[in-house]
Protein chains: 2
Amino acid sequence: MAKFCYDYPHPALTTDIALFTIRDEQLAILLIRRGGEPFQGCWALPGGFVDPDECLEECALRELEEETGITGVYLEQLYTFGKPDRDPRERIISVAYYALAPCEVLTPVAGSDAAEVDWFNLDELPALAFDHQDIIQLAQQRLRAKLDYSTVAFGLMAETFTLGELQKVYETIRGEALDKRNFRKHILTLDILAETGATRRVGNHRPAKLYRVAHPGAVHYIR
Amino acid sequence: MAKFCYDYPHPALTTDIALFTIRDEQLAILLIRRGGEPFQGCWALPGGFVDPDECLEECALRELEEETGITGVYLEQLYTFGKPDRDPRERIISVAYYALAPCEVLTPVAGSDAAEVDWFNLDELPALAFDHQDIIQLAQQRLRAKLDYSTVAFGLMAETFTLGELQKVYETIRGEALDKRNFRKHILTLDILAETGATRRVGNHRPAKLYRVAHPGAVHYIR
DNA sequence: ACAAAAGTGTTCTCGATACACCCATGC
DNA sequence: GCATGGGTGTATCGAGAACACTTTTGT
């Protein structure tokens, strides 16, 4: 076939998506098992080739939906990986994105190019295709860093949530326990949460107030 | 000729470099006047097509040298621009880098693809080719942000410098005056500068101590 | 009554800010 | 001696860290 010809070599272009969620108080990432070569049967990040008329972010969202059925995540460009030999077939540039979603909504379904889809805790990752290990590591660094100076964490929360749940998310990503009183003071002085008025009871103890983000949509920079 | 053929469309891949320096207490950026179409005669960021066997960062450094003669700058990946219609010829993805250099070393020379090379103060930019205006704006935002939580600014300083000069650089990028005593206290408590022992005299007044970065090479994150 | 998480205030420390004067030099 | 930028210290304020008990609920 080979119908697309150029005067000088062109690389192929893909996007890859590192979608994080919190499952069982663990930071987890979504992987697909590759159906085709190379790295057939290997786990990899969802992603794929950019269509001629779509922009990069559109591609990331489309591939995520096609391969896993997941939509409506928070998405942000991470870094572009372009070492000449990162793919054995031909030169492929990957614009990596990272994404966040509350696990409540997420029931991934294996899609077109993916034989299987599943969540993996970050400390129990399988062997990964290509340089996807590097992408995940960078994405995790970025997530941890942004926790301190932005409100990204809300991308991991459901519509409504308790302060205890929010604190667990922060603790999970930072890998350390936080003081309850200081955490609540800090979050509430940001003045971006609103009480819903409702409460939620999950055990044999006092019910917790439910909050939601007061002005959803935007990730704020703080400090 | 069209010797490079693929089964499905491939975009072209370029890097563009936003190289900043400080000239006359103004933040300035390096532009080239384009020799060929499109946007012939227009000012643009230095940059160009990625060779088949070089990685992205190598390409950025090579293009910068070829087009302007400049080497040895601090370079960092900024963002990848990939809107389908950002170039009228064909689909071209640009991995944008930003770079910093002290102006002392820099005497740009028009190179291969550039008819002319010059510095422009950021508040006096000419009309720019492609989406280079957006790239510059993003680069400037990033530079300003990193000033607060890293030591990027040293990329704009010569080998040795006075605290007064360093303060001028911070003031220029932030666009506001800083208190001399607080600035010096802050910088010195970072503990990354070393006195050279020498001093420099530039006017009819007391000579200033010269400092250098104690452990050069790395950009540190602070706080 | 007890277990288990929700909720709440005060003290301390340290970094950021505000602010004014003397010093070394050339003319 | 005066103009010019170099160099220094102290008081105040606010955010972050450390820290322990009461409340509500189900069993």
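Throughout, a chain's letter reflects where its sequence line sits, starting with A, and its residues are numbered from 1.
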5'-most by nearest nucleotide on DNA chain D - A:R201 or B:L210: B:L210
What is the 5' to 3' range of DNA chain D, first to last nucleotide, that sits under 4.0 Å from any heavy atom of chain B? D:dA3 to D:dT10
How would you list, by chain and number, every residue that makes a ring pair (Phe, Tyr, Trp, His ring centres under 6.0 Å) with A:Y74, sequence neighbours excluded? none
Salt-bridge criterion met for A:R181 and A:D179 (N-O under 4.0 Å): yes
Can you pull out the residues from residues 185-195 of chain B that lie within a 4.0 Å heavy-atom distance of DNA chain C? B:K185, B:H186
For a salt bridge (charged side-chain N to carboxylate O under 4.0 Å, His left out) check, start with the C-alpha distance between A:D118 and A:R33, then their side-chain angles and the critical distance, and finish with the verdict. CA-CA 8 Å; A:D118 208 355; A:R33 194 191 283 278; over 6 Å; no
Under the criterion side-chain contact (heavy atoms from CB on, under 4.5 Å), which of A:L100, A:V169, A:L193 is the partner of A:F154? A:L193
To the nearest 0.5 angstrom, please state how far the CG atom of A:L143 sits from the OG atom of A:S150. 9.0 Å
Could you tabulate the donor-acceptor pairs under 3.5 Å formed by side-chain atoms of residues 211-220 of chain B, not counting sequence neighbours?
none

Return the residues of residues 166-183 of chain B meeting this criterion: a heavy atom under 4.0 Å from some atom of DNA chain C. Order them by number, or give none. B:D179, B:R181, B:N182
Using whole Å, what does the distance between atom P of nucleotide C:dA5 and atom NE2 of A:H205 come to? 5 Å
Give a yes or no on whether B:E176 atom CD has more than 12 heavy-atom contacts from other residues, nucleotides or ligands under 6.0 Å away. yes
Rounding to a whole Å, what distance do you find between B:R206:CZ and C:dT25:C1'? 10 Å
Expressed as a whole number of angstroms, how long is the span from B:R184:CZ to C:dT17:P? 17 Å
Using the test side chain to side chain donor-acceptor pair (under 3.5 Å), find all partners of B:N204 that sit at least two apart in sequence or belong to another chain. none
Would one find more than 12 heavy atoms of other residues, nucleotides or ligands at under 6.0 Å from atom CD of B:Q26? yes
Do B:E171 and B:Q167 pair up side chain to side chain, a donor and an acceptor below 3.5 Å, judged on atom types alone? yes
